[in-house]
Asker: 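Have a look at the structure that comes next, please.
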Amino acid sequence: MNLRTQHRRWLMALLIIALPVLYFSCKKDQKPSVSLTRTTPRGLNETVNVWETTTDQSNLLTQQPDITFAPDAGSNPTTITVDETTTYQTIDGFGYALTGGSAQVINGMGANQSTLLNDIFSTASGHLGSSFLRITIGASDLSSSDFTYDDMPAGQTDNNLTNFSVNKEMTDLVPVLKNIIAINPGIKILATPWTAPVWMKQNTTGNNGFTGGNLNPQYYDAYARYFVKYIQAMQAQGITIYAVTPQNEPLNPYNNPAMTMQPSEEANFIANNLGPQFAANGITTRIICYDHNCDRPDYPQTVLGTSAANPYVDGSAFHLYAGDISALTTVHNAYPTKNVYFTEQFVGGPGNFAGDFDWHMNNLIIGAPRNWSRVVLEWNLASDPNYNPHTSGGCSNCMGAVTVSGSNYTRNTCYYTVAHASSFVQPGAVRISSNTFSSAIQDVAFKNPDGTKVVIALNTSSSSQSFKIKWGWESFTYTLPAGAVATFKWAGTQSAGGPPIGQTITLKCFHNFYVSSEDGTKPMTSTRTVAQAWEQFTVVDAGNGKIALQSIGHYVSSENGVNPITCNRTSYSTWEEFNWITNADGTISLQGNNGDYISCDNGASMTCDRTSIGGWEAFKVNQ
């Protein structure tokens with residue numbers, strides 16, 4: 001081997017040894033040739049339809065000019081952020097009680113009955129589409145007289161229920177119900193008794209036994225069979241009873257009719273009689289407990305907490321003549337697998353439209369769904385101009401959603417409260433996330449089975465209020481007059497990849513080290529293998545579609561793009577504001593005010609001077 005050959009082989013061996021060293025020493029200085037494409041949100045400018053009701057009644061569910069979403073810009077302290085990716089309970093519907101009195105006045109309308117029922121129950125455009133109905137088992141206080149389905153002469157009993165009959169409902173209630181079902185076959189019906197037959201009661205206080213008293217324990221089994229026979233009789237008429245409650249207002253002995261049923265009594269009745277009778281007869285009708293005011297959440301909790309009753313109980317129902325609507329959440333949190341329903345509230349005639357409308361919208365249409373309710377029902381559907389029919393001692397000023405006078409009807413407060421929801425929120429919708437505020441604007445949001453979104457917003461203040469509705473990367477601004485309500489509806493898919501405002505995140509660079517704020521005293525780096533306090537950043541909404549990053553009270557600054565970036569600013573302004581960009585591979589990039597991108601460079605320092613996004617300008621979030 002000559003000297004030249006030896007030299008060549010020596011050089012080759014040297015290169016083999018040196019190349020890995022050169023590679024690893026230079027690797028951190030290389031700009032990787034990774035091609036990343038920014039995620040582009042689907043088309044903007046979705047059309048938003050708007051309907052508004054004002055307290056002066058100049059607008060009554062009146063459609064307003066359409067709005068279009070636009071890329072989010074500007075800031076508004078009242079911003080409703082709608083997030084359809086966060087869902088809550090399913091919605092069964094919004095509606096009314098069809099009392100015996102309601103059925104009576106509606107059935108007397110002649111040909112115009114069809115006009116009213118289509119107005120309320122049709123799902124065609126321009127109608128309310130009410131999808132949930134409450135009826136009474138026997139008479140309520142809004143019936144023309146007291147009765148049950150097994151009334152006996154004083155001193156007589158009918159333990160075998162041989163005298164049971166729903167014939168008293170064949171004149172008005174059943175015909176009207178059949179007409180409603182023909183218009184809306186999917187409607188769900190909740191049935192509730194005001195009293196058991198008098199012969200089943202003890203300790204009654206008046207009205208021939210229809211007022212006060214409680215269910216005699218020796219007739220628990222007979223009363224459970226009474227429910228079974230009722231459900232079967234209605235089914236024979238083509239009327240499916242979706243759910244029952246054992247007793248309307250079980251803590252109120254003063255109505256006519258009325259019957260009390262204490263929590264332990266109701267739990268016992270459900271566990272040992274009603275539930276087993278339903279099971280034995282193949283009845284799938286749901287049993288919903290309580291059905292009284294929000295001041296006693298302990299009542300449904302007692303029933304649901306009774307182990308023998310719990311499996312039979314679908315959930316609990318509420319009214320709001322006492323207590324606070326938040327009681328629904330109290331019970332939901334205690335028993336999250338059980339449903340919650342809001343089943344009754346009336347407007348007292350002659351009423352005050354502005355005050356009644358505001359209260360019912362805030363507490364019921366918005367408040368009940370925000371507290372997990374699947375339904376909201378107003379009491380009641382119809383009455384005559386004198387608030388009749390009603391029993392002696394029954395409600396003498398319960399204003400119907402409509403007032404029926406002969407063959408004509410006029411719309412009242414509760415027509416519009418329900419309409420702002422039922423006309424737009426479909427059965428099977430889910431409540432979705434939307435933030436609300438301590439004053440001024442209250443709201444609730446839904447996503448329909450067809451993908452459309454609905455937001456109902458109420459201005460509770462005494463002056464006009466401007467607010468923003470933000471959805472993904474898009475938003476619009478709207479102004480509501482004092483006391484007014486608007487329902488907003490739109491289609492489309494929420495733009496993805498928006499910044500997680502308010503959340504604390506970590507950022508991991510291309511070489512799998514964490515970005516560090518370096519205690520705010522020196523330029524930031526990307527050299528940490530573990531994410532601790534200085535490697536955590538809170539995403540702050542800086543307005544105009546931009547964000548700021550805060551770490552332990554200080555903000556990240558792009559340092560005008562010419563110096564290494566820092567985290568030492570106590571407030572944010574132009575150089576501390578960034579565009580949050582989502583890349584196709586799920587990483588994010590941060591664009592400074594100079595149009596350049598933050599880069600972790602070789603990991604030893606970080607700058608905001610790159611004109612395009614490569615590997616070193618793409619960060620993994622929370623990995």
Asker: Would you say that W490 contacts E474 through its side chain, given a criterion of any heavy-atom pair below 4.5 Å between the two side chains?
Answerer: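 Side-chain contact under 4.5 Å: no.
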
Asker: For a quick check under 3.5 Å, do S463 and Q465 share a side-chain donor-acceptor pair by atom type?
Answerer: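 Yes, side-chain donor-acceptor contact under 3.5 Å.
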
Asker: Should R528 and E518 count as an ion pair when the cut-off is N to O under 4.0 Å?
Answerer: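 So R528 pairs with E518 through a salt bridge.
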
Asker: Rounded to the nearest 0.5 Å, what separation is found between the OG1 atom of T436 and the CD1 atom of I80?
Answerer: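 With rounding to 0.5 Å, OG1 (T436) is 7.5 Å from CD1 (I80).
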
Asker: Is a side-chain N or O of N594 found less than 3.5 angstrom from the main chain of W575, in a donor-acceptor match?
Answerer: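 Side chain of N594 to backbone of W575: no pair is present.
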
Asker: Write down the atom of Y242, the atom of D92, and the distance for their closest heavy-atom approach.
Answerer: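 Shortest heavy-atom contact: OH-OD2, 4.0 Å.
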
Asker: Nearest 0.5 Å, please: how far is CG in D596 from CG in L590?
Answerer: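 Spacing of CG (L590) from CG (D596) equals 13.0 Å.
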
Asker: Examine the side chains of Q64 and Y478 and answer whether a donor and an acceptor come within less than 3.5 Å of each other.
Answerer: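 On atom types as modelled, these side chains do not qualify, holding no pair under 3.5 Å.
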
Asker: Side chains of P499 and F578: does their closest heavy-atom pair fall under 4.5 Å?
Answerer: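 With C-beta onward as the side chain, the pair stays apart.
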
Asker: Does a donor on one side chain and an acceptor on the other come within less than 3.5 Å for T329 and R370?
Answerer: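 Side chains of T329 and R370: no pair found under 3.5 Å.
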
Asker: Counting N and O atoms only, with roles assigned by atom type, does the side chain of N448 sit under 3.5 Å from a partner on the main chain of D450, one being a donor and the other an acceptor?
Answerer: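 Side chain of N448 to backbone of D450: no pair is present.
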
Asker: Check the orientation of H332 and W372. Use parallel for under 30°, tilted for 30 to 60°, and perpendicular for over 60°.
Answerer: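 H332 and W372: parallel rings.
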
Asker: Run the side-chain contact (heavy atoms from CB on, under 4.5 Å) test on N568 and T521 for me, step by step, so that the C-alpha distance in whole Å, both residues' side-chain angles and the decisive distance to 0.1 Å come before the verdict.
Answerer: CA-CA 7 Å; N568 61 9; T521 61; over 6 Å; no

Asker: If every non-hydrogen atom of A368 is compared with every non-hydrogen atom of V376, which pair is closest and at what distance?
Answerer: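 For A368 versus V376, the nearest heavy atoms are CB-CG2, 3.8 Å.
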
Asker: Kindly indicate whether the side chain of L377, heavy atoms from C-beta on, has any atom under 4.5 Å from the side chain of Y96.
Answerer: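 In short, these two side chains do not touch, never coming nearer than 4.5 Å.
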
Asker: Any side-chain heavy atom of T53 sitting closer than 4.5 Å to one from N59?
Answerer: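 No, side chains not in contact.
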
Asker: Please check this pair: side chain of N184 against backbone of F121, looking for a donor-acceptor N/O pair closer than 3.5 Å.
Answerer: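 Yes.
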
Asker: Restricting to non-hydrogen atoms, name the atom on G367 and the atom on N371 that form the minimum distance, rounded to 0.1 Å.
Answerer: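 Between these two residues, the closest heavy atoms are O-ND2, 2.8 Å.
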
Asker: With sequence neighbours excluded, give me every ring pair (Phe, Tyr, Trp, His ring centres under 6.0 Å) pair touching residues 519-565.
Answerer: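 Counting only pairs at least two positions apart or across chains, the ring pair (Phe, Tyr, Trp, His ring centres under 6.0 Å) contacts touching residues 519-565 are Y555-Y572.
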
Asker: Check whether any side-chain heavy atom of L190 sits under 4.5 Å from a side-chain heavy atom of T245, and report yes or no.
Answerer: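 Of all side-chain heavy-atom pairs linking T245 with L190, at least one is under 4.5 Å.
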
Asker: Determine, stepwise, if the pair Y597 / I581 fulfils side-chain contact (heavy atoms from CB on, under 4.5 Å).
Answerer: CA-CA 10 Å; Y597 300 93; I581 297 167; 3.6 Å; yes

Asker: ring-ring contact (aromatic ring centres under 6.0 Å, His included) with F476: which of W471, F467, F488?
Answerer: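 Among W471, F467, F488, the one that satisfies the ring-ring contact (aromatic ring centres under 6.0 Å, His included) with F476 is F488.
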
Asker: How many angstroms lie between atom CG of D119 and atom NE2 of H127, to the nearest 0.5 angstrom?
Answerer: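 It is 7.0 Å, given to the nearest 0.5 Å.
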
Asker: Between S526 (side chain) and F513 (backbone), is there a donor-acceptor pair under 3.5 Å?
Answerer: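 Yes; judged by distance alone, with no hydrogens or angles, the pair exists.
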
Asker: When you measure from the side chain of S131 to the backbone of G95, do you find a donor-acceptor pair of N or O atoms at a distance under 3.5 Å?
Answerer: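 Side chain of S131 to backbone of G95, a donor-acceptor pair under 3.5 Å: no, none is there.
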
Asker: Using side-chain heavy atoms (C-beta onward) and a distance below 4.5 Å, is R286 in contact with N339?
Answerer: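 Side chain of R286 against side chain of N339, heavy atoms only: contact under 4.5 Å found.
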
Asker: Can you see which heavy atom on S373 is nearest to which on I91, and at what distance?
Answerer: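 Closest approach of S373 to I91: O-CD1, 3.7 Å.
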
Asker: Evaluate side chain to side chain donor-acceptor pair (under 3.5 Å) for D358 paired with T55, printing each intermediate quantity in order.
Answerer: CA-CA 8 Å; D358 178 273; T55 54; over 6 Å; no

Asker: Using distance alone, with no hydrogens and no angle criterion, decide if R374 and Q89 have a side-chain donor and acceptor under 3.5 Å apart.
Answerer: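 No, because no side-chain N or O of R374 sits under 3.5 Å from a partner of the opposite role on Q89.
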
Asker: What I want to check is whether the side chains of Y335 and N310 have a donor and an acceptor closer together than 3.5 Å.
Answerer: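 Y335 vs N310: no donor-acceptor pair found between side chains.
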
Asker: Check this for me, if you would: do K508 and E535 make a salt bridge, where the nitrogen-to-carboxylate-oxygen distance has to be below 4.0 angstrom?
Answerer: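 Salt bridge flag = no for E535 with K508.
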
Asker: Any sub-3.5 Å donor-acceptor pair from K188's side-chain atoms to G186's backbone N or O?
Answerer: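 Not at all, since once roles are kept as given, no pair shorter than 3.5 Å links the two residues.
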
Asker: Return the orientation label for the Y321 and F346 ring planes: parallel under 30°, perpendicular over 60°, tilted otherwise.
Answerer: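 Tilted.
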
Asker: Check side chain to side chain contact (heavy atoms under 4.5 Å, CB included) between T417 and all other residues, then give those that pass, not counting sequence neighbours.
Answerer: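 Only F357, H360, M361, I365, E378, T413, C414 meet the side chain to side chain contact (heavy atoms under 4.5 Å, CB included) criterion with T417.
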
Asker: Checking N293 side chain against D295 main chain: does a donor-acceptor pair fall under 3.5 Å?
Answerer: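 Looks like no, no N/O pair under 3.5 Å.
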
Asker: Using disulfide bond (SG atoms under 2.5 Å apart) as the criterion, list what pairs up with C600, not counting sequence neighbours.
Answerer: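 Residues passing disulfide bond (SG atoms under 2.5 Å apart) with C600: C509.
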
Asker: Between the side chain of S422 and the main-chain N/O of V418, is any donor-acceptor distance below 3.5 Å?
Answerer: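 Side chain of S422 to backbone of V418: a pair is present.
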
Asker: Within this structure, what is the CG-CG distance for the pair D324 and N363, rounded to the nearest 0.5 Å?
Answerer: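 Interatomic distance, D324 CG to N363 CG, rounded to 0.5 Å: 7.5 Å.
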
Asker: Would you say the rings of F318 and F342 are close, in the sense that their centroids are separated by under 6.0 Å?
Answerer: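 Ring centroids of F342 and F318 are no less than 6.0 Å from each other.
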
Asker: Search all heavy atoms of S557 against all heavy atoms of I565 and return the closest pair with its distance.
Answerer: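 Where S557 meets I565 most closely, the heavy atoms are O-CB, 3.1 Å.
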
Asker: Go through Q623 and T506 one step at a time and tell me if the side-chain contact (heavy atoms from CB on, under 4.5 Å) criterion holds.
Answerer: CA-CA 7 Å; Q623 292 189 16; T506 60; over 6 Å; no

Asker: Can you see whether E577 engages N593 through a side-chain donor-acceptor pair at a distance of less than 3.5 angstrom?
Answerer: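 Not at all, the side chains of E577 and N593 share no donor-acceptor pair under 3.5 Å.
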
Asker: Taking all non-hydrogen atoms of both residues, which atom of C567 and which atom of M524 are closest, and how far apart?
Answerer: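 In this case the closest contact between C567 and M524 is CB-SD, 3.9 Å.
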
Asker: Can you check whether V331 reaches L304 side chain to side chain, under 4.5 Å on heavy atoms?
Answerer: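 Answer yes - side chains close enough.
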
Asker: Do Q550 and T538 meet the criterion of a side-chain donor-acceptor pair at a distance under 3.5 Å?
Answerer: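 The answer is no; no qualifying pair exists.
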
Asker: Report the distance from atom CG of N579 to atom CD1 of I588, rounding to the nearest 0.5 Å.
Answerer: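 The CG atom of N579 sits 11.5 Å away from the CD1 atom of I588.
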
Asker: If you apply the rule side chain to side chain donor-acceptor pair (under 3.5 Å), what do you find for T566 with E559, and how did you get there?
Answerer: CA-CA 7 Å; T566 63; E559 295 292 351; 2.6 Å; yes

Asker: Look up atom OG1 in T477 and atom CG in N76, then write down how far apart they are to the nearest 0.5 Å.
Answerer: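 Those atoms lie 6.0 Å apart.
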
Asker: Would you confirm whether N459, through its side chain, and P481, through its main-chain N or O, come within 3.5 Å as a donor-acceptor pair?
Answerer: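 At least one qualifying donor-acceptor pair exists.
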
Asker: Test side chain to side chain donor-acceptor pair (under 3.5 Å) on T86 and S433 and set out the steps.
Answerer: CA-CA 5 Å; T86 300; S433 176; 5.0 Å; no

Asker: Between the main-chain N or O of E617 and the side-chain N or O of S589, is there a donor-acceptor pair closer than 3.5 Å?
Answerer: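 Such a contact is found between S589 side chain and E617 backbone.
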
Asker: Give the C-alpha distance, both sets of side-chain angles, the deciding distance and a yes or no for side chain to side chain donor-acceptor pair (under 3.5 Å) between T47 and D66.
Answerer: CA-CA 6 Å; T47 298; D66 291 344; 5.4 Å; no

Asker: Taking R134 first and then D291, would you say they form a salt bridge - that is, a charged N and a carboxylate O separated by under 4.0 Å?
Answerer: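 So R134 pairs with D291 through a salt bridge.
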
Asker: Determine, stepwise, if the pair H420 / L61 fulfils side-chain contact (heavy atoms from CB on, under 4.5 Å).
Answerer: CA-CA 7 Å; H420 264 280; L61 200 68; 3.7 Å; yes

Asker: Does any part of the side chain of T587, heavy atoms only, come nearer than 4.5 Å to the side chain of K620, both counted from C-beta?
Answerer: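 The answer is yes; the side chains approach within 4.5 Å.
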
Asker: Pairing donors with acceptors under 3.5 angstrom, does anything connect the side chains of E52 and T62?
Answerer: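 Side chains of E52 and T62: no pair found under 3.5 Å.
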
